[in-house]
Amino acid sequence: MKAAVHTKYNKNNIELEIREVAVPTINENEVLVKVTAAGVNPLDNMISRGEVKIIVPYTLPQVAGNEVVGIIEQKGSNVANFEIGDRVFSRLPLDKIGAFAEYVAINQDAIAKVPDYLTDEEAAAVPLTALTIMQALELMGAESGKTIFVSGGTGGVGGMAIPVAKAKGLTVITNGSLENKERVEKLGVDQFIDYKTTDYTKVLKDVDYVLDTLGGAETEKQMTIMKSGGKLVSLRAMPNGNFAKRMNLAWWKQFVLGLAGRKFDKMANKYGVSYDFIFVESNGKQLQEVADIFTKLEIKPSVDTVFDFKDVNKALDKVANGRSRGKTVLSFK
């Protein structure tokens, strides 16, 4: 089969090599999926640049790609809830990625059935982002009836965070450009703030939870709107010691990340809130819950550009350098 292989770490020029490799063999707990589409994410570029080596030290060469959609062609003897011919999607397990290939073997615990109303390309936009939201809310211990601020909620993350948070019973506030107001209101947002005319720190206070999608100086700004004891989870700032412990990293990695993230721990302490960083993991059960929420509301993820698999490097370049109004996807059809 053809696969896009990551052969060396390179901070600047990211080039995957399309090679012929063996079709993976499956064990009793896995399914073999014929890939129809794969999501392309900033994470794929981060892996190629060597930026996540401390979290997941991949052995090169490595088939790239974290997010996949396809049809089950084989199943192991212990696979109970899926059948050959099922259309499934997955955020692949951290230690067994490989979505940029014609076939991939996936543990049954990492897959869910794709909602019928989604195309393969739309479905490829869901797993990684949706699971990020689910796991962030879990990390917050988010409770129904409380308030969450999703920063920059008009992007791809917000498009999933808002309906999932609403389904969990939260009051949702976001900010963004006015041209996107109607779209996010349809997703159920309770309060929309036009970032060009209004500074959210002047109008918000006593927020229970914050999902930080922006990082940089915005992380501290968001802490100022929270009530004492509030919880902020960042997708963009810096891993810290708590993150390293949750990921069961080696002691020296916990030490290094503890030092790296100390700035944010001190910042959170200053405002009387908690700070966590998240690196999304595979979870088929959570992904199925998302699929059920999406089916009920018929949410359509936004897809920006679909590239043929052979143009994988162009897709990675777009994610790294281009402005997007939705997901970049590879098609294997």
Task: Single-linkage hydrophobic cluster, 4.5 Å side-chain cutoff, Leu235 and Leu137 together - done: yes
Open item on the list: Check Lys75 with Asp86, please: is the shortest side-chain N to carboxylate O separation under 4.0 Å?
Closed with: no
Task: Exceeds 12 heavy-atom contacts within 6.0 angstrom, atom CZ of Phe255 - done: no
Task: Neighbour count >12 (heavy atoms, 6.0 Å) for atom NZ, Lys221 - done: yes
Task: Val33 reachable from Ile26 in the ILVMFWY side-chain graph, under 4.5 Å edges - done: no
TODO: Group every Ile, Leu, Val, Met, Phe, Trp and Tyr by side-chain heavy-atom contacts under 4.5 Å, then state whether Val126 and Ile293 land in the same group.
DONE: yes
- [ ] For the pair Tyr275 and Met223, evaluate side-chain contact (heavy atoms from CB on, under 4.5 Å) and give the outcome as yes or no after the intermediate values.
- [x] CA-CA 9 Å; Tyr275 168 82; Met223 290 179 182; 4.0 Å; yes
TODO: Locate the shortest heavy-atom distance separating Ala110 from Ser282; write the atom from each residue and the value.
DONE: CB-CB, 3.9 Å
Task: Under 3.5 Å: donor-acceptor pair, side chain of Thr147, backbone of Thr171 - done: no
Task: Taking every non-hydrogen atom, the tightest pair across Val319 and Pro42 - done: CG1-N, 3.5 Å
Task: Short N-O contact, Lys318 and Asp304, less than 4.0 angstrom - done: yes
Open item on the list: Taking Asp208 first and then Lys231, would you say they form a salt bridge - that is, a charged N and a carboxylate O separated by under 4.0 Å?
Closed with: no
- [ ] Determine whether Ile225 and Lys205 make a side-chain contact, defined as any pair of heavy atoms from C-beta on separated by less than 4.5 Å.
- [x] no
Open item on the list: Test your reading of the model: is there a side-chain donor-acceptor pair from Lys34 to the backbone of Ile71, 3.5 Å cut-off?
Closed with: no
Open item on the list: Is it the case that the side chain of Tyr209 and the backbone of Glu143 share a donor-acceptor pair, with hydrogens and angles ignored and the cut-off at 3.5 Å?
Closed with: yes
TODO: Say whether, by atom type as modelled, one donor and one acceptor occur between the side chain of Glu122 and the main chain of Thr119 under 3.5 angstrom.
DONE: yes
TODO: Give a yes/no verdict on a cation-pi contact between Lys2 and Phe309, requiring under 6.0 Å between NZ or CZ and the six-membered ring centre and an angle within 45° of the axis.
DONE: no
Open item on the list: Are Ser302 and Lys327 packed together at the side-chain level, in the sense that at least one heavy-atom pair is separated by less than 4.5 angstrom?
Closed with: no
Open item on the list: Does any part of the side chain of Leu128, heavy atoms only, come nearer than 4.5 Å to the side chain of Leu131, both counted from C-beta?
Closed with: no
Task: Carboxylate-amine/guanidinium proximity below 4.0 Å for Arg246 and Glu281 - done: no
TODO: Check whether any side-chain heavy atom of Glu121 sits under 4.5 Å from a side-chain heavy atom of Thr36, and report yes or no.
DONE: no
- [ ] Please lay out, stage by stage, how Asn10 and Glu15 fare under the test side-chain contact (heavy atoms from CB on, under 4.5 Å).
- [x] CA-CA 9 Å; Asn10 190 322; Glu15 282 283 322; over 6 Å; no
Open item on the list: Just checking Tyr195 against Tyr200, ring centres under 6.0 Å apart?
Closed with: no
Task: Nearest-0.5 Å distance that lies between atom CD1 in Ile55 and atom CZ in Phe279 - done: 5.0 Å
TODO: Verify, without hydrogens or angle tests, whether Ser234 (side chain) and Phe277 (backbone) share a donor-acceptor contact under 3.5 angstrom.
DONE: no
TODO: Decide if atom CD of Glu182 counts as having more than 12 heavy atoms of other residues, nucleotides or ligands within a radius under 6.0 Å.
DONE: no
TODO: List the steps and the verdict of side-chain hydrogen bond (donor to acceptor under 3.5 Å, both in side chains) for Asn41 and Glu67.
DONE: CA-CA 8 Å; Asn41 297 281; Glu67 192 173 33; 2.9 Å; yes
Task: Heavy-atom closest pair, residues Ile111 and Ser90 - done: CG2-CB, 4.0 Å
- [ ] Could you walk me through whether Thr295 and Asp292 pass the side-chain hydrogen bond (donor to acceptor under 3.5 Å, both in side chains) test, one step at a time?
- [x] CA-CA 5 Å; Thr295 298; Asp292 293 343; 5.3 Å; no
Open item on the list: Do the side chains of Lys196 and Glu179 get close enough for a salt bridge, i.e. N-O under 4.0 angstrom?
Closed with: no
- [ ] Nearest 0.5 Å please: distance from the OH atom of Tyr9 over to the CZ atom of Arg49.
- [x] 13.0 Å
Open item on the list: Can you confirm whether more than 12 heavy atoms, excluding those of Asp116, are under 6.0 Å from its CG atom?
Closed with: no
TODO: Determine, using the 4.5 Å side-chain heavy-atom cutoff (strictly less than), whether Val172 and Leu297 are members of one ILVMFWY cluster.
DONE: yes
Open item on the list: Is any side-chain heavy atom of Val35 closer than 4.5 Å to one of Phe332?
Closed with: yes
Task: Expected output: side-chain Tyr117 to main-chain Phe294 donor-acceptor under 3.5 Å - done: yes
Task: From CA spacing to verdict: side-chain hydrogen bond (donor to acceptor under 3.5 Å, both in side chains), Arg91, Asn66 - done: CA-CA 6 Å; Arg91 185 279 184 261; Asn66 287 270; 2.9 Å; yes
- [ ] Indicate yes or no: at least one non-hydrogen side-chain atom of Leu170 is less than 4.5 angstrom from one of Lys146.
- [x] yes
- [ ] Check whether any side-chain heavy atom of Ile18 lies under 4.5 Å from a side-chain heavy atom of Val5, and answer yes or no.
- [x] no
Open item on the list: So Glu30 and Gln108, do their side chains get closer than 4.5 Å, heavy atoms only?
Closed with: no
Open item on the list: Please find the pair of heavy atoms, one from Phe100 and one from Gly39, that lie closest to each other, and give the distance.
Closed with: CE2-O, 3.6 Å
TODO: Identify whether the distance between the nearest side-chain nitrogen and carboxylate oxygen of Glu289 and Lys168 falls below 4.0 Å.
DONE: yes
TODO: Could you tell me whether a side-chain N or O of Gln222 sits under 3.5 Å from a main-chain N or O of Glu218, the two making a donor and an acceptor?
DONE: yes
Open item on the list: Other residues, nucleotides and ligands only: do more than 12 of their heavy atoms fall within 6.0 Å of NZ on Lys266?
Closed with: no
Open item on the list: Please determine whether a side-chain nitrogen of the Lys or Arg among Asp190 and Lys166 lies less than 4.0 Å from a carboxylate oxygen of the Asp or Glu.
Closed with: yes
TODO: Step through the shown structure and confirm whether more than 12 heavy atoms of other residues, nucleotides or ligands are within 6.0 Å of NZ on Lys253.
DONE: yes
- [ ] Give the C-alpha distance, both sets of side-chain angles, the deciding distance and a yes or no for side-chain contact (heavy atoms from CB on, under 4.5 Å) between Ile84 and Glu73.
- [x] CA-CA 5 Å; Ile84 290 170; Glu73 287 207 350; 5.6 Å; no
TODO: Grab the two heavy atoms, one from Ala99 and one from Leu92, that are nearest each other, plus how far apart they are.
DONE: N-CD1, 3.5 Å
Task: Glu17 bridged to Lys8 by N-O distance under 4.0 Å - done: no
Task: Whether over 12 other heavy atoms sit under 6.0 Å from Lys300 NZ - done: yes
Task: side-chain contact (heavy atoms from CB on, under 4.5 Å) assessment of Asn240 paired with Leu257 - done: CA-CA 5 Å; Asn240 62 352; Leu257 291 178; over 6 Å; no
Task: Whether Asp212 side chain and Gly215 backbone form a donor-acceptor pair below 3.5 Å - done: yes
Open item on the list: Once rounded to the nearest 0.5 Å, what's the spacing between atom CG of Leu287 and atom NZ of Lys113?
Closed with: 13.0 Å
TODO: Mind listing the closest non-hydrogen atom pair of Pro127 and Phe89 along with its distance?
DONE: CG-CD1, 3.8 Å
Open item on the list: Can a donor-acceptor pair be found, under 3.5 Å and without considering hydrogens, that links the side chain of Thr305 to the backbone of Thr328?
Closed with: no
- [ ] Would you confirm whether Thr174, through its side chain, and Gly153, through its main-chain N or O, come within 3.5 Å as a donor-acceptor pair?
- [x] yes
